[in-house]
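First up is the structure itself, then whatever we jot down about it.
Numbering of ligands and ligand atoms starts at 1, following listing order. All residue numbers refer to positions in the sequence shown, counting from 1.
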Amino acid sequence: MATTKKNNIKKSTTSVSSVKSVFQNYAPAPESIDHIQLKSQYDLFINGKFVKPLSNEYYDTINPATGKKIASVAKGNEKDIDAAVKAANKAFESWSKTEPKERAKYIYRIARMIQERAREFAVIETMNGGKSIRESRDIDVPLAANHFFYYAGWADKLEYAFPNRNPKPIGVTGQIIPWNFPLLMAAWKLAPALATGNTIVLKPAESTPLTALKLAEIIQESGLPDGVVNIVTGFGDCGSALVNHPQVNKIAFTGSTPVGKYIQKAIAGTNKKATLELGGKAANIIFDDAPIDQAVEGIVNGIFFNQGHVCCAGSRLFIQENIAEKVIKKLKDRMRTLIVGDPMDKNTDIGAINSKEQLEKINHYIKLGQKEGAEIFQPECSVPANGFFCKPTLFIGTSQSHRIVQEEIFGPVLTIQTFRTIEEVIEKANNIPYGLSAGVWTDKGSKIFNLTSKLRAGVIWANTYNKFDPTSPFGGYKESGFGREGGVHGLLPYVKF
Ligand code: NAP
Ligand code: MG
């Protein structure tokens, strides 16, 4: 009997129990990277094959902890995007009709393969992006696998997500992602699009293409039909070509607010659907009845996790005035214990800044904060001489009009303001163009409910911070964008009725 492509899932080399043990015995010793297979040159992934860019141009991708080149990566352009979109359009004909339970198998397979190669993914993510190996290993990679597992589960249950509405896939989706969570953002985008029967052209950020390309290898091995997922590396013009391609029916974008605004203008009147996950400047609010030590941990995690390259980073701290002195002292003491340095070292708390440009931007804001008259605190700590690093930084005595309070710095820089009343802090927290996330620290449940209804933020954490799960929707208000990713809500942008 002839085998059809849809049944062509390759046999797994690992049983479910051994996948479990991969995680249980997962002792990364990440300092050793000898076994990691890196190529010297990476091509585009189009129609199930790795192909050279039509221009034959490549660019260097670097390790931000050393400033040294890791590999050459294909610089895709408008013509490569066109080839990828055409492949995705062709693949849509059969993928959209593939039985949902078959689609689920492929997605589940991809999740399993990420787990099996978790260590490799973690090391590459850290080498290419600068984040600490602890975070890549414990957060980025397992969460990426979990997103595929979670949406694999939805593929054959869409009628329960949208009862009596007969959801149908949209077609070719163009997905554009940033450099701060390269693998995880790829998973956030690909998993729901695949589960709902769409095909994809993904454009990774120029500075962090390597884990997306590793994922392309897995996708190829998984037997997913050719053209269902295409990955085109390149610069902003490559993203723009994807946005403007007439055969792309939906854009899913995570990145900066200026590029989000450009996309919104570019697709106006085209009938393309879009979700935009943009910048943020979150308020992290601590009341005098909060468990202070726990809150200080949450504040530190809120701003220094991933070097502060986090759209939902708790970058504006609001402390109730009567406990300000105590909280600031504890915060400074905790900051003195943070280790800045080699991201491959499992003791490192703050790894490398993602790029030279980003470090320059952060340093510009640090100078600006001092010029604006705020008091700066940076603990004494050693920072590697090569690569791009930044000490954890605190600005005390900032006010609402300071630019360091209003603008997204996207680095390990925290501003502190104080407040007396709940009304005052709500007003200040909301008085900003962004509305992605917020944190509240208090012992009183009633205060939490009061604040969650009044803070204009898509995600609000109470007595914790930066907790992510595939079941939870994520997205913003105001200039932080629109649409939700994650959870059952994350299926909606990928279906039509
Ligand atoms: P970015 O400059 O907006 O880039 C994001 C992606 O868009 C990259 O792949 C980029 O390619 C591409 N791009 C650039 N210009 C484009 C254009 N004209 N048309 C189409 N695509 C274009 O953002 P970033 O600097 O990578 O990431 C940091 C920003 O992302 C921050 O503002 C952060 O808050 C936001 N972010 C938001 C979320 C969220 O969920 N809300 C999550 C993470 C990050 P290049 O890499 O070649 O420039
Ligand atoms: Mg950029």
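To the nearest 0.5 angstrom, Lys214 atom NZ is 12.5 Å from Glu125 atom CD.
Closest to atom 10 (C) of ligand 1 by heavy atom, among Glu206, Met185, Glu277, Lys203, is Lys203. Here atom 26 (O) of ligand 1 lies nearest to Trp179 when heavy atoms of Tyr262, Phe410, Trp179 are compared.
Remark: Lys189 does not engage Glu277 in a salt bridge, criterion side-chain N to carboxylate O under 4.0 Å. A salt bridge links Asp349 and Arg134; the closest N-O separation between the charged side-chain nitrogens and carboxylate oxygens is under 4.0 Å. With respect to Lys361 and Glu357, no salt bridge is recorded, no charged nitrogen being found less than 4.0 Å from a carboxylate O.
At a 3.5 angstrom cut-off on N or O pairs, Trp188 does not count as close to ligand 1. When only interatomic distances are considered, the shortest N/O to N/O separation between Ile263 and ligand 1 does not fall below 3.5 Å. For a threshold of 3.5 Å applied to N or O pairs, the pair formed by Val243 and ligand 1 contains no separation below that value.
At a heavy-atom distance under 4.0 Å, only side-chain atoms of Glu408, from C-beta outward, approach ligand 1. Of the heavy atoms in Leu278, only backbone atoms (N, CA, C, O) come closer than 4.0 Å to ligand 1. The proximity of Phe474 to ligand 1, defined as any non-hydrogen pair under 4.0 Å, is limited to the side chain. If you look at Pro258 next to ligand 1, there are no close heavy atoms at all, none under 4.0 Å. Under 4.0 angstrom from ligand 1, there are no non-hydrogen atoms of Val310. Contact annotation: for Thr254 versus ligand 1, heavy atoms closer than 4.0 Å belong to both the backbone and the side chain.
For ligand 1, the atoms closer than 4.0 angstrom to any heavy atom of Pro178 are 26 (O), 27 (O), 43 (C), 44 (C). Listed by atom number, the atoms of ligand 1 under 4.0 Å from Gly234 heavy atoms are 47 (O). Using a 4.0 Å cut-off to heavy atoms of Asn180, the atoms of ligand 1 that qualify are 43 (C), 44 (C). Heavy-atom contacts of Ile176 reach the following atoms of ligand 1: 6 (C), 7 (O), 9 (O), 12 (C), 20 (C), 21 (N) (cutoff under 4.0 Å). In the vicinity of Leu436, heavy-atom distances shorter than 4.0 Å reach the ligand 1 atoms 41 (N). Taking every heavy atom of Pro204 and a limit of under 4.0 angstrom, the matching atoms of ligand 1 come to 9 (O). Close approach of ligand 1 to Ile177 (heavy-atom distance below 4.0 Å) involves ligand atoms 6 (C), 8 (C), 9 (O). Residue contact check: Gly239 has heavy atoms under 4.0 Å from atoms 19 (N), 20 (C), 21 (N) of ligand 1.
Under the 4.0 angstrom criterion for non-hydrogen atoms, Gly260 is not in contact with ligand 1. Residue contact check for ligand 1: Phe181 places no non-hydrogen atom closer than 4.0 Å to it.
By the 6.0 Å and 45° rule, Lys250 stacks over the aromatic ring of Tyr494. A cation-pi contact, defined as under 6.0 Å to the ring centre and within 45° of the axis, links Lys39 to Phe50.
You'll find the side chain of Glu217 stays beyond 4.5 Å of the side chain of Ile219, heavy atoms only. Here the side chains of Phe181 and Lys131 are in contact, with some heavy-atom distance below 4.5 Å. Side-chain contact check for Ile303 versus Leu394: every heavy-atom pair is 4.5 Å or farther apart.
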>> Show, in sequence, the C-alpha distance, side-chain angles and deciding distance for Thr61 and Tyr42, and conclude whether the side chain to side chain donor-acceptor pair (under 3.5 Å) test is met.
In response: CA-CA 10 Å; Thr61 192; Tyr42 285 85; over 6 Å; no
>> For Phe149 and Tyr108: C-alpha separation, side-chain torsions, deciding distance, then whether ring pair (Phe, Tyr, Trp, His ring centres under 6.0 Å) applies.
In response: CA-CA 5 Å; Phe149 277 124; Tyr108 183 76; 5.2 Å; yes
>> Walk me through whether Glu479 and Lys261 qualify under salt bridge (Lys or Arg N to Asp or Glu O under 4.0 Å).
In response: CA-CA 9 Å; Glu479 293 199 7; Lys261 287 183 180 178; 3.3 Å; yes
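Under the side-chain contact (heavy atoms from CB on, under 4.5 Å) rule, Thr196 has a single partner from Leu492, Thr173, Ile170, Leu491, which is Leu491.
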